[in-house]
Structure formats: C-alpha cells, structure tokens
Protein chains: 2
Amino acid sequence: MKLVCTQSNLNSNLSLVSRAVPSRPTHPVLGNVKLEANQETQQVSLTGFDLSLGIQTKFAATVEEEGELTLPAKLLTDIVSRLPEGEITIDSEAGETICILRSSSGHYQVRGMSTEEFPELPVMSNSEVTQLPTAALIKGLQGSLFATSADETKQVLTGVHLIVKKDSLEFAATDGHRLAVVETSYQDTDRSSEVQPESDIEEFSVTVPARALRELERMVGMRQLAESVAVHVEQGQVVFQLGEQRLTSRTLEGQYPNYRLLIPREFERQVAMDRRQLLSALERIGVFTDQKNNLVKFTMDSLNQELFLSVDAKEVGSGRESMAAQISGDDMEIAFNLKYLMEGLKAIPSNEIQLQLNEASNPVILTPLGGLKMTYLIMPVQLRT
Amino acid sequence: MKLVCTQSNLNSNLSLVSRAVPSRPTHPVLGNVKLEANQETQQVSLTGFDLSLGIQTKFAATVEEEGELTLPAKLLTDIVSRLPEGEITIDSEAGETICILRSSSGHYQVRGMSTEEFPELPVMSNSEVTQLPTAALIKGLQGSLFATSADETKQVLTGVHLIVKKDSLEFAATDGHRLAVVETSYQDTDRSSEVQPESDIEEFSVTVPARALRELERMVGMRQLAESVAVHVEQGQVVFQLGEQRLTSRTLEGQYPNYRLLIPREFERQVAMDRRQLLSALERIGVFTDQKNNLVKFTMDSLNQELFLSVDAKEVGSGRESMAAQISGDDMEIAFNLKYLMEGLKAIPSNEIQLQLNEASNPVILTPLGGLKMTYLIMPVQLRT
C-alpha cells in the first residue's frame with residue numbers, strides 16, 4: 001500500500017470513525033481502524049467497528065499502490081492530529097503489518113494488524129432504502145435522545161423508537177420515568193428534491209441504540225440540511241448512509257412500550273410561561289437539591305398569574321423563585337424531579353412552553369408553544385404532607 | 001446584619017476567597033467564608049482560610065446594619081453565581097445564623113455558623129513591608145512554579161524559594177529532578193513610582209508553598225501591571241497585600257538546597273533552536289511515550305546543522321522528527337525525560353532557546369535567548385546501549 005493524502009482529510013475522517021472504536025476492545029483488532037486504499041477510485045476508506053456500532057467513511061487520496069491494513073486507532077489519531085497541515089505519505093509493504101507515515105519533518109512507524117480478523121460491516125442492499133429528510137432527523141433526535149435509559153439492562157429503553165411514516169417521522173424515548181415523543185412532518189422541513197415521493201415510502205419502525213443515534217446526530221449535524229439520509233433496516237441491523245459516510249448499528253429487539261396509551265387526552269389545568277426564565281429559576285433553586293432530595297415544588301397563584309418554585313433542604317436552607325405565568329384552572333401544588341424537568345426544558349426548542357396538568361399525582365405534559373410537535377411526559381413526585 | 005450589594009461584586013469576590021476554602025474541611029467552619037459588614041467604611045469583607053492559605057478581600061456595599069457571619073462557601077457561590085445581575089440584599093438577625101438573600105425574583109435562606117470559631121488571619125504589621133513590582137513577580141512565578149514538587153513529603157521542595165534583593169527578585173524551584181531559576185531585575189520591569197527606593201529594601205529570602213503562589217499568580221494577573229504588591233514575612237507567615245485583597249500563607253521551614261552549586265559554569269556544546277518548533281515536534285513523537293518509557297533521544301548533526309528527536313516504543317512503533325538548529329561542539333546523543341523537557345519549554349517566554357551541554361550524563365541547561373534571565377536545569381537520562 002502506498003498513498004498520499006492531506007493531513008486535514010485524514011485527521012477529520014480518522015476522528016469520525018474513531019468514535020466507533022471501543023476504548024477497551026474485547027479483541028485487539030477492534031481497537032484498530034481498518035484502512036483500505038483503492039487505486040481505481042483513488043479513495044481511502046476508513047472503518048471503525050465495535051461489533052454493535054460501525055462507522056465507515058471514504059475520502060480522496062493519491063493511491064499509488066492498493067492495499068489494506070488495520071492500525072491502532074488511538075495512536076494513529078494522536079499522531080495525525082498533531083502533524084502540521086500538508087501532505088502525509090502512508091506506506092506499507094504487502095504482507096507486512098508495519099506502516100510508515102511521513103510528514104514534512106517527521107517519520108513515524110506504527111505497528112498494525114492484518115485486515116483478516118477485522119469483522120465486516122453489515123452491507124446495505126440498495127433495494128429497500130428510505131430517504132429521510134435531514135432537518136426532520138435532527139429535530140427528532142434532539143427532542144428524544146436525552147430521555148433514553150442509560151441502564152443497559154433496560155433493553156429497548158436504551159434506544160429511540162423510530163417510526164417512519166408516509167409523511168412524517170416519529171421519535172419516542174422513555175426510561176420509565178419520563179417520555180419524549182417528537183413528530184416531524186416532511187412538509188415542515190426543507191425537503192430536498194432528491195427525497196423520494198411519499199407514495200414510495202415503505203412504513204416501518206425500528207428501535208436504535210442511543211449510542212449509535214448520538215453519533216448519527218453528530219454526523220448529520222455536520223452536513224448540509226438539504227441533503228437526505230438513506231436508511232435501511234434488515235436482519236437486526238440498521239444502516240444510515242450520508243454521502244460517503246456510513247453508520248451501521250444493531251437494532252434493539254423486543255416490543256417497544258405502547259407509549260401513546262400513557263399520554264392523557266384531557267387536562268384540568270394549563271400553565272404557559274417563558275422557557276428560559278423557568279430554566280434559570282430552576283438552576284438557581286436547584287442549588288439546594290442533592291441526590292437524595294431532587295424535588296422542586298410548583299405552587300400556582302392563578303389570581304395573580306404567578307408561579308412559585310421552591311426547594312427546601314432542611315439542614316442547609318431553602319430557595320424560592322417567582323415568575324409570571326398564564327395559569328388556567330384551579331390553584332394547586334405539585335412536585336417534580338428537578339433533573340427530569342430540566343432535561344426536558346433544555347430539549348424543547350421554543351421560547352414559550354406549556355404545562356398541562358390534572359391532579360397532583362397524574363402525569364404532566366410539557367409541550368412547546370408553536371413550532372415543533374413534541375410531547376414530554378413526566379410523572380410528578382408525591383409530596384409528603 | 002443588613003446590606004445591599006451588586007451581584008457582580010459579590011460573585012467575583014466570593015469566587016476569589018473560595019479558592020482558600022478547602023473542599024474537605026477538617027472543621028465545618030473552615031468550609032465557610034466569613035462575611036463582615038462594616039457600616040462606617042460601607043464595605044463588606046470576605047475571608048476564606050484553610051489554616052495554611054488565607055484570602056481576604058473587601059468591596060463596597062450599602063451597609064445598613066453592621067454584623068458578621070460565616071456561610072457555606074460552595075452553596076453561597078453556587079447561588080450567587082446563578083443570580084441575575086442587579087442588587088442583592090443580605091439580611092440576618094443579630095445572634096442568628098440564618099441568612100436571607102433576596103434578588104429580583106428569588107428568596108434564599110442559607111444556614112451559616114457564628115464567626116466565633118472562625119480562625120483569625122495573620123495580620124501584617126506595617127513597619128517591615130517590602131513593595132514588589134508586579135511585572136517582576138508575574139515573570140518569576142510563571143518561570144518557576146511548574147518545577148516545584150507535588151510530593152507533600154518533600155517539604156521545602158513543594159514551594160518556591162524567593163530571594164528579595166535590593167535591585168532584583170530571584171525565584172527558584174526544584175523537585176529533585178530539574179531546577180528552574182528566574183532572576184527579574186526591578187529595572188527590566190515597569191516599576192511603578194509607588195515602589196520604594198532600592199536603598200530602603202530589606203534583603204530577605206522565604207520559601208512559600210506553591211499552592212499559595214498559584215493563587216497569588218492568579219490574583220496578580222488580574223491587576224494593573226503598574227501596581228505593586230506589598231509583602232511581609234513574620235513568624236512563619238507571609239502576607240501579600242494587593243490593594244483591598246490580601247493573601248496569607250504559612251512559609252516552608254528548613255534549609256532550601258544551595259542550587260547555585262548545581263549549575264555548571266562551562267559547556268562543551270551549544271544548540272540553539274526555535275522553541276515552538278521544538279515543542280510541537282516533541283508533542284508529536286511524545287505520542288509514543290508512556291508512563292514506563294518517557295524518554296526522548298536527541299541526536300546532533302553539526303555538519304548539516306540539524307537536530308533529530310526520536311522515541312522508540314518497541315511493541316507499538318517509533319517516531320522521529322528533524323529540525324534546523326545552530327549546533328556548536330562535537331556531535332552527541334543524549335536522552336531526556338519528555339515531561340520535564342516540555343514543561344520547561346512551555347514556561348520559557350522566548351521565541352528562541354539554547355541548550356548548553358557537556359557529556360551525555362551531565363546536567364543540561366536550557367535558557368531563553370534574549371529577554372528573561374531564566375535557567376532551567378535538567379538531568380539527562382542514561383541511554384542503555
């Protein structure tokens with residue numbers, strides 16, 4: 001193998017695929033990235049794969065001699081990221097696992113491994129591909145990913161449930177304590193002309209691990225909004241294709257909870273207020289919460305159209321904040337887990353938000369006023385009286 | 001106690017004194033800051049003290065009622081830093097340890113402790129005060145602090161040895177493996193007219209813990225260069241006074257090593273080169289070092305006026321960099337601990353640096369070319385051959 005590429009190309013593509021390389025690989029070769037140089041296409045392909053998440057990318061290079069090799073991802077990234085801008089020559093003898101990198105002033109030898117043991121990424125058959133609009137994908141991921149469970153024993157709850165419909169995408173995530181649902185219509189978003197007509201779209205649903213979708217979110221965020229992302233689901237695998245970049249992931253098997261049943265349809269009370277004002281007031285009184293007591297109390301004063309937020313930490317002190325709110329319905333007191341409330345507020349992309357409530361023990365819905373169709377459900381915490 | 005002050009004043013002064021508050025106090029009251037409101041001066045004084053390092057500061061406030069109290073440093077900083085800009089009212093009943101903070105929309109109760117148990121900071125008797133030029137102090141601390149020992153059992157080596165002379169300051173630090181000495185003449189720096197004439201300066205030396213001097217460096221860096229810093233040493237204590245801010249610290253007792261004896265006076269070889277170029281080459285080949293092997297080899301080629309740097313990590317690979325250098329004396333190979341070398345190079349404030357060497361087992365001196373009078377001595381590492 002012999003090729004010449006630019007430092008910036010190699011560096012940015014390496015850091016992309018390195019995100020799929022495990023820091024503690026179960027097998028040494030999985031700590032490596034696979035590097036393939038193709039003389040015909042004059043392209044270099046890089047692959048990182050932890051057996052669940054895989055990222056592959058291709059970029060232009062002057063390939064003088066074909067070849068493939070796997071190289072330690074961390075070491076290679078550490079070297080390349082520190083090299084000055086300019087050309088890098090990568091060189092290795094056929095059959096050898098030692099690779100030589102040359103820059104303007106440096107000469108580096110890196111010991112790699114042959115590609116034989118490196119597992120193949122799942123491939124995408126072109127027949128059943130669905131094109132998803134980028135903007136809808138970004139909004140859906142931003143509004144749902146935070147609500148997934150970090151507890152690996154919770155199976156499907158560690159992923160986002162994605163429903164691809166003829167005219168919209170639906171994203172749902174829940175960790176058992178709260179639920180986030182986002183619907184993004186294709187019409188709302190800047191659909192590229194490349195996206196296929198609605199009638200061609202095959203409806204399906206899939207639950208994808210949050211870890212893979214966080215990487216997808218990063219990758220999609222770096223691209224043009226007008227582009228679309230191709231998705232293909234097959235045999236427990238999902239493949240997303242973004243131009244020359246591919247992300248593959250195993251899917252989460254098992255029935256996703258029927259979350260629609262949890263969302264109340266009627267409410268006795270509504271409170272509308274400024275989202276950022278509520279967030280900063282919660283941040284301030286949140287100083288008095290800790291891991292044992294993570295509870296904030298809301299007290300409504302519909303007469304004065306004022307909302308009081310308070311935290312009481314007996315031994316330490318207490319905090320109270322007041323803010324203007326449009327309140328309808330009878331006054332009540334209700335308490336929330338501060339963390340769940342704040343995470344939802346941060347993910348909602350609107351200036352004004354609305355709380356919809358029934359009794360102090362019933363689920364509460366948080367929605368943006370205007371803009372995105374997002375529903376965030378949290379269970380209140382029982383107040384000891 | 002009742003006072004009104006601005007959020008920005010209270011916030012900046014709180015974060016300053018909080019740096020002297022231990023995160024794990026040996027006595028609960030040491031986790032607090034002491035707050036004193038003086039009606040006559042219309043000033044608030046804040047103090048943090050961990051029994052070794054103390055920081056005190058004063059700022060203007062509208063004091064309606066005198067009083068003093070200690071309050072939990074972390075909780076108070078967390079609240080105040082999140083409050084919006086504007087006025088804050090602080091209120092506590094005489095004899096009570098509960099304090100009420102009011103901002104535009106918030107009302108916070110914080111439980112404190114009486115000031116009785118809070119230890120007094122050492123006081124500075126005005127008689128024997130020396131004025132140090134700020135610029136000289138900054139340069140001296142920047143060039144020496146990094147070389148102190150982090151090992152608490154090493155006593156005096158955990159501090160910087162400061163010698164105040166009639167016309168200059170000398171700073172020395174060593175951890176037993178390397179030594180940094182900086183001399184800053186009063187003439188070199190922009191001496192303020194306030195600084196006392198040389199003849200009045202009492203010569204003395206003192207060893208001050210690095211932790212206290214790092215805080216002093218921060219505090220001095222936030223001030224005008226034209227100001228001077230008053231210093232006073234007495235009974236195992238050193239006090240630095242910067243306007244309304246005071247830093248006190250215990251001094252380190254015991255004989256500081258006679259480091260002048262360690263510095264060679266004659267050299268057989270000299271190598272001059274660009275400092276940043278050397279630093280970035282070392283960063284790149286440093287990728288191949290680890291905790292076991294932290295060794296970089298220098299090979300001189302005086303014929304071509306070229307310097308080669310190399311690291312060899314047998315199992316992993318190797319790196320080599322070359323750079324132009326002005327080399328005089330016979331060619332040689334010499335090896336250094338990469339960490340010690342890079343820390344010195346980062347602290348030297350010049351574009352060009354000079355290495356002065358004898359044999360491969362003798363101490364090596366690193367000095368800036370032009371500008372500051374700084375000497376950095378490192379011991380080479382024996383190369384196994």
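Sequence lines set the chain letters: A, B, ... in the order given, protein chains first and strands last, and positions in each chain run from 1.
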Contacting moiety of A:Ser280, where chain B heavy atoms sit under 4.5 Å: neither

Heavy-atom check, side chain of A:Pro84 versus side chain of A:Ser104, under 4.5 Å: yes

Residues of residues 4-29 of chain A within contact distance of chain B, non-hydrogen under 4.5 Å: none

Residue, of B:Ser318, B:Gly319, B:Cys99, that accumulates the most heavy atom pairs under 4.5 Å with chain A: B:Ser318

Segment of A:Leu83 engaging chain B (4.5 angstrom heavy-atom cut-off): both

Chain B contact via A:Ile285 - side chain, backbone, both or neither, heavy atoms under 4.5 Å: both

Over 12 non-hydrogen atoms of neighbours within 6.0 angstrom of CD in B:Glu64: yes

Close aromatic pair by centroid cut-off 6.0 Å: B:Phe298 and B:Phe308: no

Side-chain (A:Arg111) to main-chain (B:Glu315) donor-acceptor, under 3.5 angstrom: yes

salt_bridge(B:Arg276, B:Asp274) N-O dist < 4.0 Å: no

Most contacts with chain A, counted as non-hydrogen pairs under 4.5 angstrom, among B:Ser105, B:Gly317, B:Gly106: B:Ser105

Whether over 12 other heavy atoms sit under 6.0 Å from B:Glu87 CD: no

Salt-bridge criterion met for A:Glu352 and A:Arg275 (N-O under 4.0 Å): no

Within-4.5 Å side-chain heavy-atom neighbours: A:Thr289 and A:Val287: no

With A:Met273, the side-chain contact (heavy atoms from CB on, under 4.5 Å) member among A:Gln305, A:Met323, A:Gln354: A:Met323

Atom group of B:Pro72 that falls short of 4.5 Å from chain A, counting heavy atoms: neither

